[in-house]
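This is a predicted model, so every value here is computed, not measured. Heads up: numbering here begins at 1 and tracks the sequence.
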Amino acid sequence: MVHMFWLLLIIANLIIQIRYFLAPSERLYLAKRITTPLMLFGAFLVIIISTNKFPLVESLILIAMGLGEIGIEGSQVVESKKGDETGHTSWLVTAAGVLFLLVNVGLGIVLLSRAQGFTARFVGIFVGIFGIAGMVMILGRTYSQNKNVLLQIRIYAVGLMILAAGTISVLLYDPGHLGYAAMILTISDGLVLWRMGAGWDRERPKEKKTLFLFLIVILLLYYSYMALLIDGTAPFIR
């Protein structure tokens, strides 16, 4: 039953996100800011209520990301607006960015520690670093960013490199639920990084279509990521 309430929250968030993108309003913006962190806190509660346990890694990830969503929602990262040319970023967005960075770094390190052997770790680190660095280089050559956005991209990329390294290292052998969840998060965060660097404008019809496609794909990946974290400790079907 508790899983069903969480699924209903996911459906509500998807509807709100789509409606807000197509026709922004203060009411929908508030609903988005409430339901997005609630999904993560809700996933944490599903695990606690269903198992009466506190799985450390999954619990810390969901709590940290829930707190991060409170600050990041409405920022350049989520809204995909043209950057603030003054280069100012609120302390709340900065704090949220640090939380997401810590989640990626922490999850990446946990997975690297679980990788089977030196070869798996080496391949993961090599592909993770050079893969994400290559993406950042392509972004820099394809799109222009102001200094503030460029700094955000570089910081975001560091966490993504470590996350990708850990993910690839465990995918080579036995990833488990956490490994598969990290794989989905890596893809999702890679799309977020690309969207951030591209700086597409919703006021341009062609770019709005691209942003809408990115929104749907990122949301579906995000929901799947949370579902895997839940299912790894409190399976939907027992």
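Exactly one of L7, I11, N13 qualifies for a side-chain contact (heavy atoms from CB on, under 4.5 Å) with Y223. That residue is N13.
In this structure, the side chain of T233 engages the main chain of I230 through a donor-acceptor pair within 3.5 Å. In this structure, the side chain of D201 does not engage the main chain of R204 through any donor-acceptor pair within 3.5 Å. A donor-acceptor pair under 3.5 Å is absent between the side-chain atoms of E207 and the main chain of W200, judged by distance alone. Here the side chain of R202 pairs no donor or acceptor atom with the backbone of K208 at under 3.5 angstrom.
Rounding to the nearest 0.5 angstrom, the gap separating the CD1 atom in I218 from the CD1 atom in I187 is 12.0 Å. Rounding to the nearest 0.5 angstrom, the gap separating the CD atom in E58 from the CG atom in L229 is 6.0 Å. The CG atom of L193 sits 5.5 Å away from the CG atom of L139 when rounded to the nearest 0.5 Å. Here the straight-line distance linking atom OG of S144 with atom CG of L150 works out to 10.5 Å at 0.5 Å rounding. Annotation: the span from I49 atom CD1 to W6 atom CH2 amounts to 14.0 Å, rounded to 0.5 Å. Taken from OG1 in T35 to CG in L40, the straight-line distance is 10.5 Å, to the nearest 0.5 Å.
Remark: the T186 side chain and the T167 side chain contain an N/O donor-acceptor pair separated by less than 3.5 Å.
Both L228 and I48 belong to a common hydrophobic cluster when Ile, Leu, Val, Met, Phe, Trp and Tyr are linked at side-chain heavy-atom distances under 4.5 angstrom. With hydrophobic clusters built from ILVMFWY side chains whose heavy atoms lie under 4.5 angstrom apart, L185 does not share a cluster with I162. Hydrophobic clustering, with ILVMFWY side chains joined whenever heavy atoms are under 4.5 angstrom apart, keeps V105 apart from M161. When hydrophobic clusters are built by joining Ile, Leu, Val, Met, Phe, Trp and Tyr residues whose side-chain heavy atoms come closer than 4.5 Å, directly or via intermediates, I34 is grouped together with M65. When hydrophobic clusters are built by joining Ile, Leu, Val, Met, Phe, Trp and Tyr residues whose side-chain heavy atoms come closer than 4.5 Å, directly or via intermediates, V158 is not grouped with M137.
In this structure, the side chains of F21 and L211 come closer than 4.5 Å at one or more pairs of heavy atoms. Using a 4.5 Å heavy-atom threshold, the side chains of I216 and I18 count as touching. Put simply, the side chain of V2 does not reach to within 4.5 Å of the side chain of L45, judged on heavy atoms. Taking the side chain as every heavy atom from C-beta outward, L221 and L191 approach each other to under 4.5 Å. Within the 4.5 Å cutoff, no side-chain heavy atoms of P37 are placed close to those of L67. With contacts defined as side-chain heavy-atom distances shorter than 4.5 Å, the pair I125/F130 does not qualify.
Around atom CZ of F212, more than 12 heavy atoms belonging to other residues, nucleotides or ligands sit under 6.0 Å away. In this structure, F5 places its CZ atom where only 12 or fewer heavy-atom neighbours from other residues, nucleotides or ligands lie under 6.0 Å away. Within a 6.0 Å sphere centred on CZ of F54, heavy atoms belonging to other residues, nucleotides or ligands number more than 12.
Of all heavy-atom pairs spanning V46 and A234, the tightest one is O-CB, 4.4 Å. In terms of heavy-atom proximity, L215 sits nearest to Q17 at CD2-O, 4.0 Å. Nearest approach of A165 to L112, heavy atoms of both residues: O-CD2, 3.9 Å. The two residues H3 and S50 come nearest to each other via the heavy atoms CE1-OG, 3.5 Å. I10 and M39 get closest at one heavy-atom pair: CD1-SD, 3.4 Å. A pairwise comparison of heavy atoms in A23 and L28 identifies O-CD1, 3.6 Å as the closest pair.
Aromatic ring centres of F214 and W194: separated by at least 6.0 Å.
Between Y222 and Y225, the ring planes lie parallel to each other; the angle is under 30°, not in the 30° to 60° tilted range.
Screening residues 101-117 for side chain to side chain donor-acceptor pair (under 3.5 Å), with sequence neighbours left out, gives N104-D189.
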Set out, in order, the CA-CA distance, both residues' side-chain angles and the distance that settles side chain to side chain contact (heavy atoms under 4.5 Å, CB included) for I70 and F41, then state yes or no. CA-CA 11 Å; I70 294 174; F41 294 137; 4.2 Å; yes
Quick one: do I155 and V98 satisfy side chain to side chain contact (heavy atoms under 4.5 Å, CB included)? Show the steps, please. CA-CA 9 Å; I155 295 173; V98 170; over 6 Å; no
Ignoring hydrogens and angles, write down the donor-acceptor pairs under 3.5 Å from the side chains of residues 170-184, residues two or more places apart or on other chains.
residue	atom	partner	partner atom	Å
H177	NE2	D231	OD2	3.4

